[in-house]
Protein chains: 2
Amino acid sequence: MSEKVTIYDIAEKLNITAATVSRALNNNPKIKEATRELVIRTAAEMNYKQNKLALALKSGRSNNIGVIVPRIDSNFFASVIRGIEEELYPHGYQVIICQTHESIKRENENLHTLVDAQVDGIIMSVTGISNENDSAFRNVLEKNVPLIFFDRSKHIDGVSSVTINDFKGGYLATKHLIDEGCRNIAHFSGNQSLDIFKNRFLGYKQALLDSGLTFKEEYVIHTKSSVEAGKEAVDILLNLETPPDAIFSASDFAALGAIQELQFRNISIPNEFCVAGFSNEPFTKFMELSITSVDQSPLEMGKMSARVFLEQVAKTDTIKIEKKVVLAPELHIRKSSTRTNF
Amino acid sequence: MSEKVTIYDIAEKLNITAATVSRALNNNPKIKEATRELVIRTAAEMNYKQNKLALALKSGRSNNIGVIVPRIDSNFFASVIRGIEEELYPHGYQVIICQTHESIKRENENLHTLVDAQVDGIIMSVTGISNENDSAFRNVLEKNVPLIFFDRSKHIDGVSSVTINDFKGGYLATKHLIDEGCRNIAHFSGNQSLDIFKNRFLGYKQALLDSGLTFKEEYVIHTKSSVEAGKEAVDILLNLETPPDAIFSASDFAALGAIQELQFRNISIPNEFCVAGFSNEPFTKFMELSITSVDQSPLEMGKMSARVFLEQVAKTDTIKIEKKVVLAPELHIRKSSTRTNF
DNA sequence: TACTTTCGTGTAATCGATTACATGATTTTT
DNA sequence: AAAAATCATGTAATCGATTACACGAAAGTA
């Protein structure tokens with residue numbers, strides 16, 4: 001029943017103008033103290049709420065920020081979003097969520113929709129790599145909307161990014177497997193047109209070389225991030241002339257699939273075979289045979305992305321700042337790869 | 001560099017008025033075909049984007065919908081949000097996320113912020129039960145903003161809700177444990193001022209009574225939804241005069257904690273002791289000893305909530321419709337409670 | 001007292017789009 | 001050919017807030 005109350009309603013009631021009401025509510029020093037108090041009291045009585053849309057239209061700032069992720073129901077992305085929301089909440093920003101479902105078409109649509117909706121910035125994890133696609137990103141930058149990539153990044157001028165050192169993550173995990181005595185280490189990789197998978201792979205390779213082990217092409221399997229894919233990949237590996245004795249998987253889910261398949265074949269983990277994953281999904285530590293994994297500190301990644309955004313908008317000058325933040329990965333060593341400790 | 005292009009810019013360039021441009025872009029039938037084409041072509045050339053804020057201010061509809069959850073980084077809530085987003089995406093709505101972190105103060109703040117931001121509706125899972133709190137909800141309804149509760153609901157006139165039949169979920173899980181031969185079944189409950197926990201408990205109790213088993217107050221432990229809480233609760237139960245031989249936990253995390261503690265004490269699951277949880281968290285099926293759990297079909301719950309919202313706004317008349325949708329829970333029977341199958 | 005500041009508030013433009021109403025140009029009707 | 005109907009577009013108000021500028025009143029200065 002209570003219709004929306006505007007400053008005009010307050011003005012009418014008090015026989016003053018809307019301008020005065022606006023000034024009173026905004027603590028403009030030119031307003032008489034008595035008037036200010038009267039206005040504020042009346043506004044409260046009438047249950048007045050500022051219409052943020054009008055404010056947004058006038059100021060050109062919506063106080064909304066868009067977040068684009070492949071999907072929200074993954075622990076990693078949900079945690080990043082949590083971090084973003086927590087960091088931005090005290091600054092009065094609202095977070096708008098978009099999912100791409102790994103579709104570049106959807107990614108472009110989302111970018112346009114968010115720009116249309118006048119968001120003050122976009123924080124996203126890139127869905128795929130395609131050349132045409134860049135036009136959508138460029139469109140965002142042309143409208144002077146700050147754009148920040150996290151995790152899955154892409155090289156575009158004027159775009160800041162927050163990632164983890166995937167190379168180091170791959171290196172640490174692989175080195176650990178070597179230290180446990182593994183000598184034939186396979187790797188489950190993702191789509192290497194994405195930097196994250198490319199770098200995890202390179203880290204893996206470098207660790208092998210640094211330890212004097214030979215890198216074998218046939219030990220690298222490209223899998224999807226699923227349990228099923230992990231099982232299938234193990235099947236392939238075990239049919240090789242020299243089957244591996246360890247796997248560093250760029251996906252926890254594929255690592256889990258591998259473990260299930262190995263156990264099904266009565267191969268003992270970690271004694272005969274070691275496995276390490278990536279992402280530190282919650283289930284990795286819950287398993288009875290807990291899984292070694294590389295943590296990406298998603299919460300911190302989200303907060304950091306939000307902070308980079310805030311810095312970006314704080315800069316009043318139009319000089320574009322491009323910041324590249326790289327977080328350190330952390331290897332969580334668990335039972336799936338710990339031979340010395342049982 | 002490309003500043004924002006408005007319909008006025010297009011109008012100026014074509015020596016017509018903004019009104020004509022607006023009409024041409026909106027397929028108003030009164031516009032000459034040649035003009036329409038010219039305007040549309042020019043708009044595309046100039047990279048014109050409609051300013052949704054201006055539209056929103058004029059129309060009073062922001063095309064944003066607010067979603068309030070305790071936290072986003074839980075599989076359940078993330079999945080619900082995914083469902084909401086997917087259902088609303090084709091209708092042009094954007095989803096704004098807010099977290100309460102289980103704080104009623106934050107919940108109220110979020111409600112006010114969303115109303116201020118002129119969202120077209122609010123879909124939420126209630127954080128807590130408090131009497132004062134109702135004023136925040138009432139404020140939403142007074143502004144004629146559709147409000148929909150999911151999962152954790154509350155009885156307020158004019159508010160629709162989408163929940164699962166928690167009573168039935170509790171009943172099914174408990175009945176299953178009984179069928180497996182368990183006779184002393186304990187229950188981990190949550191805050192029973194929330195309907196969901198109250199109903200899971202009642203379902204548990206009813207299943208006991210229907211099977212002729214006696215309900216024992218000391219078998220009901222109030223735990224938080226955490227692994228640690230589950231361990232502590234087992235400690236209490238095993239010290240009872242007649243320790244139980246099964247647990248129906250209203251939380252998967254507590255169920256996991258219970259299992260870890262039981263295994264630590266060398267109590268064999270499921271032979272000596274059965275466990276069932278609630279929520280069907282991803283890890284429950286990944287475990288080596290997979291955990292029986294009640295599925296809440298969160299994706300479907302999200303989609304259904306969105307549909308109820310859409311129905312609500314479709315009704316042009318101001319008659320308030322209040323819809324209560326109750327989804328059926330599904331028991332996923334797994335190793336932690338399956339004695340017959342090993 | 002006359003003149004300059006300062007103070008508090010009103011006037012009106014603005015943000016970008018939509019739309020009821022007005023108007024002039026065509027076309028149709030008789 | 002005059003009147004009526006139709007068509008295409010322009011004019012201006014509107015959504016709700018902010019703010020540069022204007023202005024009258026009160027206060028300070030000489």
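Basis for what follows: all heavy atoms, side chains included, without hydrogens, waters or symmetry-related copies. Just so it is clear, the structure is predicted and the values come from calculations on it, not from any experiment. Every chain is numbered from 1, with letters handed out A, B, ... down the list of sequences.
A cation-pi arrangement, defined by a distance under 6.0 Å to the six-membered ring centre and an angle within 45 degrees of its axis, is present between B:Arg106 and A:Tyr89.
Using a 4.0 Å heavy-atom cutoff across all strands shown, B:Leu55 reaches sugar-phosphate atoms only and no base atom. Residue A:Ser59 is out of contact with every strand shown, counting any heavy-atom pair closer than 4.0 Å. Across all strands, A:Ile7 comes closer than 4.0 Å to base atoms (heavy-atom distances). The residue B:Lys32 sits close only to the backbone: its heavy atoms come under 4.0 Å of sugar-phosphate atoms, none of a base.
Position along DNA chain C of the nearest nucleotide to B:Lys49 versus B:Lys30 favours B:Lys49 as the more 5'-ward residue. Where B:Ala54 and B:Asn28 meet DNA chain D, the nucleotide closest to each residue was compared, and B:Asn28 sits on the side nearer the 5' end. Comparing B:Lys58 and A:Thr6 by the nucleotide of DNA chain D that holds the closest heavy atom to each, the one mapping nearer the 5' end is B:Lys58.
Using a 4.0 Å cut-off on heavy atoms, the residues of residues 14-23 of chain B that approach DNA chain C are B:Ala19, B:Ser22, B:Arg23, listed by number.
A salt bridge is absent between B:Arg307 and B:Glu311: the closest approach of a Lys/Arg side-chain nitrogen to an acidic carboxylate oxygen does not fall below 4.0 angstrom. Looking at A:Glu142 and A:Arg138, no side-chain N of the basic residue comes within less than 4.0 Å of a carboxylate O on the acidic one, giving no salt bridge. By the 4.0 Å N-to-carboxylate-O rule, A:Glu300 lies too far from A:Lys303 to be salt-bridged with it. Remark: B:Arg82 does not engage B:Glu85 in a salt bridge, criterion side-chain N to carboxylate O under 4.0 Å. With respect to A:Glu107 and A:Lys105, no salt bridge is recorded, no charged nitrogen being found less than 4.0 Å from a carboxylate O. Under 4.0 Å is where a charged nitrogen must lie from a carboxylate oxygen, and between B:Lys154 and B:Asp134 at least one such pair does.
Boundaries of the chain A contact region on DNA chain D are D:dG16 to D:dA20, first to last in 5' to 3' order (nucleotide atom under 4.0 Å from a heavy atom).
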